[in-house]
Number of protein chains: 2
Amino acid sequence: MALEYAILVSLLEKPGSGYELARRFDRSIGYFWTATHQQIYRVLKRMEGDGWIEVREVAQEGRPDKKVHSVTPQGHRALADWLREPVEPATLRHGLAVKVRGAAFSDPADLIGEVERHRAAHSARLEEYLTGEARDFPDPASLDDGAALVHVVLRGGIEYERMTLAWLDEVLAVLHRIRAGRAES
Amino acid sequence: MALEYAILVSLLEKPGSGYELARRFDRSIGYFWTATHQQIYRVLKRMEGDGWIEVREVAQEGRPDKKVHSVTPQGHRALADWLREPVEPATLRHGLAVKVRGAAFSDPADLIGEVERHRAAHSARLEEYLTGEARDFPDPASLDDGAALVHVVLRGGIEYERMTLAWLDEVLAVLHRIRAGRAES
DNA sequence: TCCTGCTATGCAACGAGTTGCATGAACAAG
DNA sequence: CTTGTTCATGCAACTCGTTGCATAGCAGGA
């Protein structure tokens, strides 16, 4: 399980509360590993029990107190160990691919709207990435080590979205062709 | 949940036993939706209860009897309904991306072997896809509707692997550059 | 004033997915 | 003759992930 480690990375980048972590998992780190606040709170508790993180209660004005978590040396070591361990090459689960294959047993034209919906979502995601890249990495040629690593991960996201958009266009072309072929017969 | 529907698609392509389905989920359909035999047997039972599939016991020589499942008209309808429903745009969980970001807090050179391992796995997967494409779609220009849909899904797999390989090479370049920079200081 | 929304944490229950194990018959390799 | 592999189905126990709900203070707008 990688959630523990995703949390360690995020807390090393900047300590924070469970709530703040949940926000980050809606953005940045969340683009590559998703988690809800429930999972996060549960795992934080376990990690605290394991001595990977420590908690400091911080009183705030105008809002509830929060528990700020930070990584202990043991936690840091656990992350370093995990980096050296092999990790399973990402099982992908692509519901849309299942639908495309299923379309052969139904009316393929029914899928066009759905594919366009996905296209719009991926297009928006690509824009987000590109905006973030322009903002955070205006000069990609001169980055320190940490920034270079964050940047290359973002570059992966960008290329993934571009590839996906191109594929969705291919799918749409096939669906339109099938519809045209059926209309004329 | 899409497992039911992935099973429906697979059984519409060809009826089969739970065991045979489990084999298929190691290949073809499994490239886009994974499942273990446990999940499959459990879901098959539920689907039978819902009247989506029907079971016929087939005696075999030299091996245990099997229960061949096939899709009922209700199951077919359930699939058609699902195709029209929106499906969540695939949450991706990329453990390697988490590791790359984590490498900033450890020795990035430790990751090189791991990234190369992934590169080899994706390279092998790409070869599989290309072999399959050459075998099953020697003339992609003239395909019937069903084959065109299967082919476009496979094309997605191919482009995904190509994109991933290019990204892994970028990651390796960054890791090597960091290692070189640290060695000289 | 009331309602909505944000920050902040958490419980309880459920459903999805994994792991380990068991059974039992056939066949091939050593 | 034993061991390992494939075919074939399944139980039990567990972890992971999701959903719904609860609480509670404060801010801002209708």
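In what follows, chains are A, B, ... by sequence order, proteins preceding strands, each numbered from 1. In this text, all values refer to a predicted model and were calculated from it rather than measured experimentally.
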Residue set satisfying side-chain contact (heavy atoms from CB on, under 4.5 Å) with A:Lys66, at least two apart, ordered chain then number -> A:Ser17, A:Glu20, A:Val58, A:Gln60, A:Val68
Looking at five pairs on each end of the helix from C:dT1-D:dA30 to C:dG30-D:dC1, what is the angle between the two axes, given to 10 degrees? 20°
My understanding is that only residues two or more places apart in sequence, or in another chain, count here; which of them pass side-chain hydrogen bond (donor to acceptor under 3.5 Å, both in side chains) with A:Asp65? none
For A:Ala109, does its backbone N or O pair with a side-chain atom of A:Asp107 as donor and acceptor, under 3.5 Å? yes
I'd like to know if the side chain of A:His76 reaches the main chain of B:Phe105, judged simply by a donor and an acceptor atom lying under 3.5 Å from each other, with no hydrogens or angles considered. yes
Looking only at heavy atoms, which two atoms of A:Ile178 and B:Asp145 are closest? And how far apart? CG2-OD2, 3.4 Å
Yes or no on side-chain hydrogen bond (donor to acceptor under 3.5 Å, both in side chains) for A:Arg93 and B:Thr34, after CA distance, side-chain angles and deciding distance? CA-CA 7 Å; A:Arg93 316 196 111 196; B:Thr34 57; 3.2 Å; yes
B:Gln60 CD to D:dT9 C1', straight-line distance once rounded to whole Å: 13 Å
Within residues 47-58 of chain A, residues whose heavy atoms come under 4.0 Å of DNA chain D: none
Give the C-alpha distance, both sets of side-chain angles, the deciding distance and a yes or no for ring pair (Phe, Tyr, Trp, His ring centres under 6.0 Å) between B:His94 and A:Phe32. CA-CA 5 Å; B:His94 209 305; A:Phe32 310 102; 7.6 Å; no
Any A:Glu4 side-chain heavy atom under 4.5 Å of A:Trp82 side chain: no
Answer with yes or no whether the hydrophobic clustering places A:Leu143 together with B:Val100; edges join I, L, V, M, F, W, Y residues whose side-chain heavy atoms lie under 4.5 Å apart. yes
May I ask whether A:Val43 and A:Ile29 are part of the same hydrophobic cluster, defined by side-chain heavy atoms of I, L, V, M, F, W, Y residues being less than 4.5 angstrom apart, directly or through others? yes
Residue pair A:Arg46/A:Pro64 against DNA chain D: nearer the 5' end by closest nucleotide is A:Arg46
Whole angstroms only, please: what is the CG-P distance between B:Leu44 and D:dA8? 14 Å
Below 3.5 Å is the cut-off: list the nitrogen or oxygen pairs between protein and nucleotides 17-19 of chain D, distance only.
residue: D:dG17; atom: OP1; partner: B:Arg93; partner atom: NH1; Å: 2.4
residue: D:dG17; atom: OP2; partner: A:Gln39; partner atom: OE1; Å: 3.2
residue: D:dG17; atom: N7; partner: A:Arg42; partner atom: NH1; Å: 3.4
residue: D:dG17; atom: N7; partner: A:Arg42; partner atom: NH2; Å: 3.4
residue: D:dT18; atom: OP2; partner: A:Gln39; partner atom: NE2; Å: 2.8
residue: D:dT18; atom: O4; partner: A:Arg42; partner atom: NH2; Å: 2.8

Inter-residue atom distance A:Leu168.CG - A:Glu161.CD, 0.5 Å rounding: 9.5 Å
Under 4.0 Å: is that the gap between some side-chain N or O of B:Ser17 and OP1 or OP2 of D:dT9? yes
Walk along DNA chain C from 5' to 3' and tell me the first and last nucleotide with an atom closer than 4.0 Å to a non-hydrogen atom of chain B. C:dA16 to C:dA26
